[in-house]
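Written out below as structure tokens is the structure these notes cover.
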Number of protein chains: 2
Amino acid sequence: MTQTLTGANLIAGEARAGAGGAFAAVDPMTGETLQPEYHHATKEDIEEACQLAGSAAGHMAAMTPDARADLLETIAEGLEAIKQDLVGRVMQETALPQARVEGELGRTCGQLRLFAEEVRAGHWQGVRIDHALPDREPLPRPDLRQRMVPLGPVAVFGASNFPLAFSVAGGDTASAFAAGCPVIAKAHPAHPGTSELVGRAIVKALAKCGLPHGCFALVHTDNDGAGALVENPRIKAVGFTGSRSGGLAIAARAAARPEPIPVYAEMSSINPVLLMPGALRERGAEIGTGLAGSTTMGAGQFCTNPGLVFAFGEDGYDAFRDAAAGAIKDAAPGTMLTGGISDAYASGIAALAEHKGVTELARGGTSDCGQPAALFETDLDTFAGDKALQAEVFGAVSLIVRCESIDRALPVLAGLEGQLTITLQMEDSDIETVRPLIPVLEQKAGRLLVNGFPTGVEVCHAMVHGGPFPATSDGRTTSVGSLAINRFLRPVCYQNFPEELLPEALRDDNPQGLYRRVNGEY
Amino acid sequence: MTQTLTGANLIAGEARAGAGGAFAAVDPMTGETLQPEYHHATKEDIEEACQLAGSAAGHMAAMTPDARADLLETIAEGLEAIKQDLVGRVMQETALPQARVEGELGRTCGQLRLFAEEVRAGHWQGVRIDHALPDREPLPRPDLRQRMVPLGPVAVFGASNFPLAFSVAGGDTASAFAAGCPVIAKAHPAHPGTSELVGRAIVKALAKCGLPHGCFALVHTDNDGAGALVENPRIKAVGFTGSRSGGLAIAARAAARPEPIPVYAEMSSINPVLLMPGALRERGAEIGTGLAGSTTMGAGQFCTNPGLVFAFGEDGYDAFRDAAAGAIKDAAPGTMLTGGISDAYASGIAALAEHKGVTELARGGTSDCGQPAALFETDLDTFAGDKALQAEVFGAVSLIVRCESIDRALPVLAGLEGQLTITLQMEDSDIETVRPLIPVLEQKAGRLLVNGFPTGVEVCHAMVHGGPFPATSDGRTTSVGSLAINRFLRPVCYQNFPEELLPEALRDDNPQGLYRRVNGEY
């Protein structure tokens, strides 16, 4: 390892040894403690980080699109420059395999570059211009021009299951920087070393770009410190990916502030997959194998893991079930991210196994440090009658609900909680059966898929990685894809401003070459 | 009066006599009770209205843009058809003068038509298409298409100060209908007759357009019933214009729901006006007269009333002050909307008059039912030292803060609460003085004006009638102008959908002729 970890928080561009409680990362493969020891930031540290972020907010808001894009690209380059150390440490801290970690690093850098491109394109500024109508009767219309401005400092809570793509320099940080907001990242305690390496790369990039230290800080902290961060008056928004209980606790604290702030928490989803009769009949076995692959990928530790399957129809069902059960049975044990996640998964599948109305179809291999994949089956009445069966079991498990009729299943689908995704496995012969379901499904999820599986979230312009509560705390947004920048922006209108004082994006000569809505027309 | 008022709630397309507490409107001019008596809806009534709205949501979401636009236009025509009765009843219930009420009716109908136009233009659908890349390495990209869909039923709380434009068929209702959301309007108790007339026009329009009854309901209710409405699981968003305490109470209830929902509450703003040295010097007296006109317009009962003035510079200050004080002294007494508002205003100006650090500069005429306009003056230290001086006094009063230096005022400006508007009175000679203030002001308000006054909110595309907390509960939005439709929408992504199942807006042949973002480009 050429990069030396110091166990420090990163505040004011410096490594600061925390004076709070000590902790260390654990190798999930061996249960061994990893060096170095980390110390929580004190409340004074957090206050200082927030003050600096508040002071830096004006600078970031005033940066040109090019300057912001440069920062994002410099961070990506910095991460690529430490690839070897970074991938090694991620693997140690998470037990994720090398190919996955390298892929995630590529995705993280790609995401930073997508936002760089997005900032330069400038559409996020949402420019609208209504020219003055001085001769209008009975009253003249003033000149009115609108653009989006950054909300201010954002607190980002890293996720355990994407130590790079949804953590310190992940999608929340990239989109907040793109919007022009300083970021205070709260490191996930399961990968403090990864967080430190990435945090240092951001600090370096800021220095290289000549930006104030307050644009970024990294803090290690417990729940108390996290609460202090969310409640700090300089923080204007929160990004979070993690558990439902964690997200709800943060949202409650943010709503109870003297000045409430938006919380974008991506929390909980069981990603229903609907197997339509034609698809079951024609591709039952293939779907079974595909489902098992999606369920077991990465030990099932994806927000979009397909935890729930509704099977409509008899023809092909056995082939589906046998293929899925066979693949699950053959699945290698998965070493999970943390002992806590592993224990919660073990409890979750134990509860399903003991449930009177639920049948265990298959269980995969186990090992000292690995949990087995699992597949269960129940019927519509049992599922509809027990809300607990809708709770997310985070890991490589799916519950199949056999449905005799779509009519009877429709109210159950309509009663589901909000989801990140809903998938339809269908053939042309299913189209008229599916058509009336679409309006119901649209109200339940942020992304609807046909003939794929929900794992795998493309980072692009049209992606929605979001959805109605409790999939997220704010279903009006996405945390993946270029639309994510909107979470950290708000509109401001400039009335009768002299050209000299107008922001560049709003000037008559349109120096940024933006697509603008002028008098209602693009 | 050709339209007979019945005192009923409007649920399921029918007049339903409420079985709850009784109340009646009061003529603010005379203090006399106006017929008929109204009864609060029962909790069962509210539950029924919400159930019907929930059932109608799918129908509204599926309506074509043309059909939604037709509804909005039919409502506008319906309001114009009852103009005489409507204007008469508004005047009785609010004491607002005829010209103002007629103007507000025109604005309300214009607003409905703007949203009709906006729905037809279709930009609100926010279409993004990323085509499949089947040959991409290492993984192919699926076809991904994004559009906005309605949130679902919206509860709209009418405002007292705009009995038409921000009430039953006001901006919240128009933008919610435009987005495809059913509306349950909670009538403001100060104008129940106005609410009934407008509500009946909406019910008629729904019938004419062949839409389900559940698309709209009007309920009269107390705080308990209002709470039940906000907490009903079928309600997916709330629009509110009114007091800070009222808005905060609703936001707290919405945040505490098992499924929290967005609340768009427009609450409290004192709309600072900054008088720059050049402007004071060159136009002191003119600005004084203009300010007094803006302060006293409509008895000061506007959300954008200029309640706070920062005066920078000595030259011209006396001319400004004398002109403003003279105009305030000559201002006719204003009959306020309700006894409660009138009493609160009287207390507010009494507190200012008794404040040790505040000097009363002028007080306008009074009458039996009318409150006087008032003008006060203080210095920067007094203002900075007493947070109470930032509280909104709703009515025709302004407080002038004399500032010796802009440098000393800057932290005070930066410490102001969020505002709907901030106005700059300036000349060319002030430009370099103003430039460094703009980033601070952008963080404090939704609209920045130069050389106008904040009263008068244009309904157009570039308007922002919103702003950071506590101006609104959600500073990411506006309640006036076409952007208001975004409040009631959320994105959905369709992955690998067959053409037959894609929503029209997302089809390859673009049958709605929309501006779409395809592979990142417009």
Side-chain angles (χ1 to χ4, degrees), chain A residues 57-58 61-62 121 123 128-130 139 141-142 144-146 149 152 251-252 255 259-260 262 431 434-435 438-440 442-443 445-452 456 458 460-464 466 469-470 473 475-476 478 483 489-498 500-501 515 517 520 522, chain B residues 58 61-62 121 123 128-130 139 141-142 144-146 149 152 251-252 255 259-260 262 431 434-435 438-440 442-443 445-452 456 458 460-464 466 469-470 473 475-476 478 483 489-498 500-501 515 517 519-520 522:
Chain A
H123 305 309
R128 293 167 169 224
I129 297 176
D130 290 322
L139 286 171
R141 178 169 86 179
L144 293 154
R145 301 177 185 227
Q146 183 188 108
V149 302
E259 178 198 349
I431 281 184
V434 164
R435 197 182 295 282
I438 302 288
V440 177
E442 279 168 346
Q443 288 305 310
R447 179 164 56 114
L448 306 179
L449 300 83
V450 168
N451 292 344
E458 184 71 31
C460 60
H461 300 290
M463 177 50 62
V464 177
F469 185 92
S473 58
R476 294 165 293 173
T478 173
L483 192 75
L489 297 168
R490 45 171 277 268
V492 171
C493 172
Y494 303 78
Q495 181 170 326
N496 282 346
F497 258 50
E500 298 97 307
L501 288 179
Y515 245 22
R517 191 164 181 194
Y522 279 96
Chain B
H123 306 307
R128 293 168 170 224
I129 297 176
D130 290 323
L139 287 170
R141 179 170 86 179
L144 292 154
R145 301 178 185 227
Q146 183 187 108
V149 302
E259 178 197 348
I431 282 185
V434 163
R435 196 182 296 280
I438 302 288
V440 176
E442 279 168 346
Q443 288 306 309
R447 180 164 54 115
L448 306 179
L449 301 82
V450 168
N451 292 343
E458 184 72 31
C460 61
H461 300 290
M463 177 50 63
V464 177
F469 185 91
S473 58
R476 294 165 293 173
T478 174
L483 193 74
L489 297 169
R490 46 172 276 268
V492 171
C493 172
Y494 304 77
Q495 180 171 327
N496 283 344
F497 258 51
E500 298 97 308
L501 288 179
Y515 244 24
R517 191 165 180 194
N519 300 319
Y522 278 97

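Each chain gets a letter, A, B and so on, in the order its sequence line appears, and its residues count up from 1.
- Looking at A/Arg517, only its side chain comes within 4.5 Å of chain B, counting heavy atoms on both sides.
- Of all the heavy atoms in A/Phe497 and B/Leu448, the pair that sits closest is CE1-O, 3.5 Å.
- B/Leu139 does not touch chain A: none of its heavy atoms, backbone or side chain, sits under 4.5 Å away.
- In this structure, the side chain of A/Gln495 does not engage the main chain of A/Leu144 through any donor-acceptor pair within 3.5 Å.
- In terms of non-hydrogen atom pairs under 4.5 Å with chain B, the most contact-rich of A/Arg435, A/Glu500, A/Arg447, A/Arg476 is A/Arg476.
- The minimum heavy-atom distance between B/Cys493 and A/Ala462, with the atom names listed, is SG-O, 3.4 Å.
- Counting heavy-atom pairs closer than 4.5 Å to chain B, the top residue among A/His461, A/Gln443, A/Glu458 is A/His461.
- Heavy-atom pairs under 4.5 Å with chain B peak, among A/Ile129, A/Leu483, A/Leu489, at A/Leu483.
- Among the candidates B/Pro439, B/Pro260, B/Pro470, B/Gly452, the residue making the largest number of heavy-atom pairs closer than 4.5 Å to chain A is B/Pro260.
- Of the listed residues A/Glu259, A/Arg128, A/His123, A/Arg141, the one with more heavy-atom pairs under 4.5 angstrom with chain B than any other is A/Arg128.
- The part of B/Val149 that comes within reach of chain A is its side chain, from C-beta onward, which places non-hydrogen atoms under 4.5 angstrom from that chain.
- Contacts between B/Tyr515 and chain A at a heavy-atom distance below 4.5 Å involve the side chain alone, from C-beta outward.
- Only the backbone of A/Ala445 comes within less than 4.5 Å of a heavy atom in chain B; its side chain stays farther off.
- B/Ile431 touches chain A through backbone and side chain together, each having a heavy atom under 4.5 Å away.
- Between chain A and the residues B/Thr478, B/Leu501, B/Ile438, B/Val464, the most heavy-atom pairs under 4.5 angstrom are made by B/Val464.
- With chain A as the partner, the residue from B/Pro262, B/Pro142, B/Gly456 showing the most heavy-atom pairs under 4.5 Å is B/Pro262.
- Residue with the most contacts toward chain B among A/Asn451, A/Asn496, A/Val440, A/Val492: A/Val492 (heavy-atom pairs, distance under 4.5 Å).
- Of the atoms belonging to A/Ala255, it is side-chain heavy atoms, and not backbone ones, that fall under 4.5 Å from chain B.
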